[in-house]
Asks: 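The structure's right below; bear with me while I get my questions together.
Order of the sequence lines fixes the chain letters, A, B, ..., with proteins taken first and strands second; residue numbering starts at 1 for each chain.
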Protein chains: 2
Amino acid sequence: MKEERDITTEQRILKAARKVFIEYGFNGARMQLIADEAGINKALLHYYFRSKEQLFDVVFTDLLARFQIAFFTILASDKPLIEKIRLMVEEDIELLMKHPEMPLFIISEVARNPEKTARRANAAKISSLFKEFSRQVKEGIAEGEIREVDPIDLLMNILSLNRFPFIGKPMIQSVIGLSDDRFQKLMKSRKRSVAELIIGDLKNRTTTGGK
Amino acid sequence: MKEERDITTEQRILKAARKVFIEYGFNGARMQLIADEAGINKALLHYYFRSKEQLFDVVFTDLLARFQIAFFTILASDKPLIEKIRLMVEEDIELLMKHPEMPLFIISEVARNPEKTARRANAAKISSLFKEFSRQVKEGIAEGEIREVDPIDLLMNILSLNRFPFIGKPMIQSVIGLSDDRFQKLMKSRKRSVAELIIGDLKNRTTTGGK
DNA sequence: GTCTATAATTTGATAGAC
DNA sequence: GTCTATCAAATTATAGAC
């Protein structure tokens, strides 16, 4: 009976827009479908968010923010580097299992419009995140905790192993014929195996070409 | 002076369509732009390929085919399994460096329309390719050439490490601020490092949790 | 085969009543 | 704030001359 319901329409629109944009992408999404999904009229969309572009911006910026948090808190903790890397794998995959469509959506939209999305993505913040990761990796190398490695390479390996399976999910499923259920189980088991792959590589291999 | 030029218009259209579809995706692509790119009139597009959808189908099916060849020939060769895996990494990355936008394009379009693209992709052929890969991996395990591993996991790791950097290229570049030139160099160095990561894992690790 | 209109449809956006 | 009706622009597709 309060004004909670005032917010509700806007929230309902955002929720619907999120769903439709994620499913169809900016170009494929239709304002009419978002309106239907929100149970309101198309004109009302423009009343709350002037244009399709603006509505998308709000949705996209919001979604991006949610996907940056995990790495920040992990890097800020005081665990050993190896432990942080394990968490970066396991918690990322955990999050992805809850939102399997997110990485493809984000990457597609960034590719469609790099300049604008870079601004929306708070590039400076992510960039500083990478710098901090880089610093900690170099520290770990200096202290002999891990082998010599290029931080960019390491981050790329982690992100690749974590995220590609979700990005390629539709393709993988249609090619190998994998049910959602089996896919889910596979991802769960990868939390451990990917972490071991990454960490094993950091521990065992030597740069001078040992065993 | 022969009829080579009869083919040429169709070929020019296909080339232009390839470029535009890859850059903008099906939903973002415009017939007008394809016509401009081909240096012809819009009506002529419909004369050669009834509809946008049909034109896309031809382009997409053709592109997909080109991206399946490498793994086939490698698996069919008589090299040791480890060597085949090294080639699957190195030759795939080599190919991707020449067509960096392909994996994101293919994956996006499959996600947009899984049923149809699955048919276009000759799913049966790819499926048999995976079965053959799976067979050879199990053989390698039985003969002690590599450690015990799930073939799906292994293939996912290879594809992830090979292809994610290209899929995420626009995002990575805008976030880390990586020039095309440095990106290219990074990928070149990854041909070796990724192969070593995969192979090192297959050789060194044991399933019973040894060092 | 290739072009110049032009039709037909879709779709984002606005006007104006309530 | 919310709706109905409608506009204006964009875009795929076709008709018909050459």
Asks: When you check the phosphate oxygens OP1 and OP2 of D:dT2, does a side-chain N or O of A:T9 lie under 4.0 Å from one of them?
Replies: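 A:T9 to D:dT2 OP1/OP2: side-chain N or O found under 4.0 Å.
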
Asks: Taking only residues two or more places apart in sequence, or in another chain, which ones meet A:D78 in a side chain to side chain donor-acceptor pair (under 3.5 Å)?
Replies: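 Result, side chain to side chain donor-acceptor pair (under 3.5 Å) vs A:D78: none returned.
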
Asks: How does each nucleotide of nucleotides 4-18 of chain D score, in 5' to 3' order, for protein heavy atoms under 4.0 Å: base (B), sugar-phosphate only (S), or none (-)?
Replies: B------SBBBB---

Asks: Mind checking salt bridge (charged side-chain N to carboxylate O under 4.0 Å, His left out) for B:R12 and listing every partner two or more places apart, or none if nothing turns up?
Replies: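 Per chain and number, B:R12 pairs via salt bridge (charged side-chain N to carboxylate O under 4.0 Å, His left out) with no residue.
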
Asks: Test: ring pair (Phe, Tyr, Trp, His ring centres under 6.0 Å). Region: residues 166-186 of chain B. Which pairs qualify, not counting sequence neighbours?
Replies: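 Only B:F166-B:F183 qualify under ring pair (Phe, Tyr, Trp, His ring centres under 6.0 Å).
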
Asks: For residues 76-122 of chain B, pull every pair meeting ring pair (Phe, Tyr, Trp, His ring centres under 6.0 Å), keeping only residues two or more places apart or in separate chains.
Replies: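 Passing the test, one end in residues 76-122 of chain B: B:F60-B:F105.
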
Asks: Has A:R135 got more than 12 heavy atoms of other residues, nucleotides or ligands less than 6.0 Å from its CZ?
Replies: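 Yes - once you tally the heavy atoms of other residues, nucleotides and ligands closer than 6.0 Å, there are more than 12.
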
Asks: Could you give the CG-to-P distance, from B:D36 to C:dC3, as a whole number of Å?
Replies: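 Interatomic distance, CG of B:D36 to P of C:dC3: 12 Å.
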
Asks: Round to the nearest Å and state the distance from A:F49 atom CZ to C:dA13 atom C1'.
Replies: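 After rounding, the gap between these two atoms is 16 Å.
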
Asks: Side chains of residues 16-35 of chain A: which donor-acceptor partners sit under 3.5 Å, not counting sequence neighbours?
Replies:
residue: A:K19; atom: NZ; partner: A:E37; partner atom: OE2; Å: 2.8
residue: A:R30; atom: NH1; partner: A:N27; partner atom: O; Å: 3.2
residue: A:Q32; atom: NE2; partner: A:D36; partner atom: OD1; Å: 2.9

Asks: To the nearest Å, how far apart are B:E10 CD and C:dT2 P?
Replies: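 The distance from CD of B:E10 to P of C:dT2 comes to 11 Å, rounded to the nearest Å.
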
